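Reckoned from all heavy atoms, side chains included, excluding hydrogens, waters and symmetry mates. Proteins get letters first, then strands, A, B, ... in listed order; numbering begins at 1 in each. None of the values given here were measured: they were computed from a predicted structure.
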Amino acid sequence: MSGIFKQPGAFAITPHKVSVCILLKIYAPPAQISLPFPFSSVAHHNRLGLFLLSLTKSCDDILEPKLDELIHQLRMMSQNWMSTWIIDQLMTRLSSLSSPDDLFNFFIDIRGILGGPDSGAIEDDQIILDLNSNLGIFLRRCVLAFNLLSFEGVCHLLTNIGIYCKEEFSNCPPYEAPSLDDSSSNLETYSEYENMDLENFVYEKVSEEIEARKEANERIPFHLHVPNTLLSLVDDIDVPVDSAASKQSEKVRVASPYGDPSSNMLRDDDPSGAVFLRTNWQVQGYLQEQADIIEKNGGAVSLNGFEIVLRQLRKLAPELHRVHFLSYLNSLSHDDYIAALENLHCYFDYSAGTEGLDFVPPAGSNSFGRYEVALLCLGMMHFHFGHPKLALEVLTEAVRVSQQQSNDTCLAYTLAAISNLLFENGISSTARLIGSSYSLFTSIGISLSVQQQLFVLLRGSLKRAESLKLKRLVASNHLAMAKFDLTHVQRPLLSFGPKASMKLSTCPVNVCKELRLSSHLISDFCNESSAMTIDGAFSTAWLRNLPKPTGSLLLCPENGSGSSSNVSQFCAQPTSIPGSVMQVLGSSYLLRATAWELYGSTPLARINALVHATCFADASSSSDTALAYVKLIQHLAVFKGYKEAFSALKIAEEKFLSVSKSQILLLKLQLLHDHALHRGHLKLAQKLCDELGVLASPVTGVDMNLKTEASLRHARTLLAANQFREAAAVAHSLFCMCYKYNLQVENASVLLLLAEIHKKSGNAVLGLPYALASLSFCQSFNLDLLKASATLTLAELWLSLGSSHATRALNLVHGAFPMILGHGGLELRSRAYIVEAKCYLSDTNFSVFENYEIVIDSLRQASDELQLLEFHELAAEAFYLMAMVYDKLGQLEKREEAAASFQKHILALQNNKNEDDPLVGVL
Amino acid sequence: MSSKESCRSELRIAIRQLSDRCLYTASKWEAEQLVGIEQDPAKFTPSNTRFQRGSSSIRRKYRTHEIAATPIAGVSYVATPVMEEDELVDGDFYLLAKSYFDCREYKRAAHVLRDQTGRKSVFLRCYALYLAGEKRKEEEMIELEGPLGKSDSVNRELVSLERELSMLCKNGTIDPFGLYLYGLVLKQKGSENLARTVLVESVNSYPWNWNAWTELRSLCSTIDILNTVNLNSHWMKDFFLASAYQELRMHNESLSKYEYLLGTFGNSNYIQAQIAKAQYSLREFDQVEALFEELMRSDPYRVEDMDMYSNVLYAKESFSALSYLAHRVFMTDKYRPESCCIIGNYYSLKGQHEKSVMYFRRALKLNKNYLSAWTLMGHEFVEMKNTPAAVDAYRRAVDVDPCDYRAWYGLGQAYEMMGMPFYALHYFQKSVFLQPNDSRLWIAMAQCYETEQLRMLDEAIKCYKRAAACNDREAIALYQLAKLHAELGHPEEAASYYKKDLERMEDEEREGPNMVEALLYLARYYKLQDRFEEAEVYCTRLLDYSGPERETAKSLLRGMRSSQSILPSMDVERFPP
């Protein structure tokens, strides 16, 4: 910025690049017809070409590989004598560079590889490097960089080549070369080098000094400037000893995509200055890759390990400001508020927002800088750390500044961020904050409710994104709209309530439409350029897969089973769909699953969750994947009982060991709580409830959903303990909260719970209005399954008013039956059966003797399913009813059987305190 | 304190020893102090008179607090420095090496001494190697500039030097100078704690090496560390403490130390400059100017610290004095960062910001870590409305020294200029944290809170209160407080602040629109409170001003008279005599 310092982008010539040039010369020797000497087949030849290409593109590290690493990779590339020959050649030519003049000659020589501008005239089978090919450009840049060097620069290069070679010699002296003459000549040049050394005045000290450096390196493994306290914190990284074997194992370890990427770059910070950065392009690619990893799975990157890499980078390239951004991301993902704040400010102070990671490059020359992006990032950071008020304040400023700077892109993103914020944190009054700044509202001049503001914001953001052709933002805005449609009725909520007309309702069609629109992204994004990351990732993957046997790599069939993660990663890359697109797509499936869950179609919900878990697990963030698993496990619990759910949970827990603990933990608590309630372990249930309450007040802001969940479960526990008054009080305050924050969907279930409480406490008349209110909420939001369950409760309430209402209740139950049987879980279904049986039994017109099979059938069905759930209370009821029926029919044997089962369940309910619950241990 | 005479003899020997070891900066400093010791009037000799400046009348004038002389714990127990005049054997080689050294041929000097074992020779060899490494480092920094900026190159001699010195240290054959060098090497290698202990050992056994003290000071970055350092008492320790306090921004403590030292080193230019520095931090510009004028008289070719003088002249807008100073330093040594800075300041005062930026840039070329040049350049960019460049410059200043509150303040200002007050708050908070007693910072923050976009008036009031509490010279805070309280509908607070503001204006004999506003508000307020006498006083004072307020005051008075004429009659009715 500001033109004080020269812009980055230059290209420096380094020993490693010299090696690559030598290899290039081997790859394409000048004036050679057909295959050059060492190569036995075209495939081998191509493989070297690919290898060189990958070397120039891969971005798995910030530092250039040392000679021994390069040799190691060369060996990996092909196992036969060919590689040995190449390595020998490389070593010989490197060590023959002993004076500045050699270097000059070398670079003149290397120019001969390149074809002329009229390369079409050359014979077909002649091997020549095209001027404009990737490798050709690389070579040309090397030559240019060398030509630009001052004499001092040439001297430095020579010294560094010497160190580069010497390290290799000292690392593995027993280097198995078939030709002994070669190695001896190497040693000669080595001593020759010492005589040529221009840098060190005291000749006899040279070797001694290098030894000393080595000693120093061994003693202090990391940078010398890292304080000891920091060193002791880095516990997860073992420092490789300098030997080829450990390097190899390290490479293997790195091959897993989630492996600690930093471990392979914690090589010693050589004080002799033989450490070189890769090209700007590669470093940026590396940073981009790390940013992606952090975004996907922040816990997988070790805070200090990565920070050390960044610090090294900062030292080597002080003008590469993006490093600050990466360190911001790193501290963000590890919840280090202060460091995140510092780094964010630092990054934007230096870069003025002109090299952001997620944004389109600046259009034209805007001298002002783009500080609004800083505001946007700061706002999102506050949001992440759970400071909604601050976040809103900052984002409001971002809106204002981007309007002033007419940065529509930023404005669209900011609006999206604000609506996201409003979604997640139910802020009860934001009228002042937004109303004062966002011109649309002030022009209307009326204060809108949060919902309406949200709606307007979403629309505005969507429109902007569409006109600016920000594909990803359009897609995620469509998702947000879908979310909004899902939980909000279409018209302004002016006269909302149970009595409002039925036209006011959410529109599932809209939700589907939005969801579908968001998926159109996949066909649209193709013209967006993200070539850099893809090239880089491809090369990185290629280099990592080097140990594999030779063969056509693109169709790697032979190792389908062995390292599946590698293969899938490797094969996934060439599809060139950017990760962010996949992520948006994945979340659309998750949202579909949620929508269907709410609307009550469990099979569809399950399918969508399954799709996400199978197709998008790699691309989407770990928390999204965890959510898909959570949904699937919940489904299992409701439909297959707890045993299966818990075994699935165990798998999920292992998979998401470090990540998004809270989600899996939440699920575990939920399942355990349900289970405890069903089995009547009230103390345990209460304990679990308390744990949930603790989760609901985390440091990172208050999640409203979690809060409602906790108090809902608290009320249910109280209800199970027959403490009606307390339960009603809790439910009531919960309702008030939901109403305040406009959590309409939750309102319906709270109302239903209130109805249940009144039903259980024997106040059927009081329960009726609650049940009806819940019903009407369900209708407005198209919550079909919840509606069925509310209908069931309503039927029970009518039934408990007396046998005269039995027919009405029966009709209600029968009305709800299709929904319940089609989509309901075990508990709901059995409850329906029992209610139906009770209706029949209490109906005076119903004769048990004639139609007893209907009743018995229902009850048997119910009792079977309840036993799966271990729901003792209801099971006992079912058996009790069964016994009564059999008693009436006079079938004594069957009556005894039912009675025995009844007794079993009742005893289990009463004795549960003595029993050891195997699942308690899970906690 | 030990007598002046003993100080003098100590210094004389020390200077010789230091220059024997080519520690020229230290010996220069010692010599300055030696000459700075006030002569006894009895021994007045004409040759000394020129160092006896006008009997420091100015200093006496400004000597605010007559220092309660810091009690020195015991006499300095390190006696006069006696070093064995050793190594007559290898004296010849030593002489050759020293001549090479003086010609700045460091590697040659080291080579000549390669087999010498005498302490002095060993030290000189190591020191020459160290300096050779430093020189090479500087060169490499330029040569190895990568595409993404300059990377820090390292002194390549450090490793071998550390090995050798630590061995000497273990053998116990190291002298205080060797310890100093060892500490220097350790500090550069990043092992600060060890470096600190080594340096402490060095200064405890040989306190006259000012270089060692400076290194030690840079390692005492907090007051806690400073307090844990265990130093023997010696008058050099007072110099050290004074400068350490200054670094730690404990200006009053450091000032009193210097005042105490003046008792012995009455004519020391160094002390005078340091006092000026402290006064500058306390914003006593008049005193600073006087001190520097005196310094200029006695030491006309001085460039050190003169940039601060130029800052003062800049603040006082004395064009000609600044131009004179700029001319002088330019003639003395134009390639000193200080000189460039002074010229930059001059152009800035003239309003030629492009030229000024050019000179600040030159200063930064000469010294990349020259803090004030970064900050001043930031100010220039702000003037030129090039905010991104300003932000960049300030940020670099902050990276050089994270405790530089001016740069943080500048960052805040730049962002505020760009219409990002909320973002700016972060920076103002930083600067206020570092300098909590500066009313300007508090006022800036308050104004930020007060902006149209934020309107966080409660916070603004809190800031103004802090500003009013810490000696607000421009008297903005009281007035703003009154206004804000009035706006928020707290008439009592508003009235009390207006009153305070009024009193202050009366004290300082200032007039202006604020005065009128305060009078008017108070008149109305007291009228509403039915305290007519006070109201009348304010109204009559308002009558002295022309303008619409005068008419308002008249009508207020009229209203009061009419209601007063009713009131007494009611009183009469209620309480018949």
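Residue A/Leu390 touches chain B through both its backbone and its side chain, counting heavy-atom pairs closer than 4.5 Å. Heavy-atom distances place the side chain of B/Tyr427, and not its backbone, under 4.5 Å from chain A. Within the 4.5 angstrom heavy-atom criterion, no atom of B/Asn155 approaches chain A. Only the side chain of B/Lys430 comes within contact range of chain A, with heavy atoms under 4.5 Å apart. Heavy-atom distances place the side chain of B/Leu411, and not its backbone, under 4.5 Å from chain A.
Using a cutoff of 4.0 Å between basic side-chain nitrogens and carboxylate oxygens, B/Lys137 and B/Glu157 are not scored as salt-bridged.
In this structure, A/Tyr328 has its ring center no closer than 6.0 Å to that of A/Tyr347.
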task: Give the C-alpha distance, both sets of side-chain angles, the deciding distance and a yes or no for salt bridge (charged side-chain N to carboxylate O under 4.0 Å, His left out) between B/Lys187 and B/Glu192.
output: CA-CA 5 Å; B/Lys187 185 191 152 200; B/Glu192 300 203 339; over 6 Å; no
query: Checking salt bridge (charged side-chain N to carboxylate O under 4.0 Å, His left out) for the pair B/Glu164/B/Arg125: CA distance, chi angles, key distance, verdict?
result: CA-CA 11 Å; B/Glu164 184 173 353; B/Arg125 180 167 51 79; 2.7 Å; yes
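Test B/Gln429, B/Gln413, B/Arg395 against B/Trp408 for side-chain contact (heavy atoms from CB on, under 4.5 Å) and you get one pass: B/Arg395.
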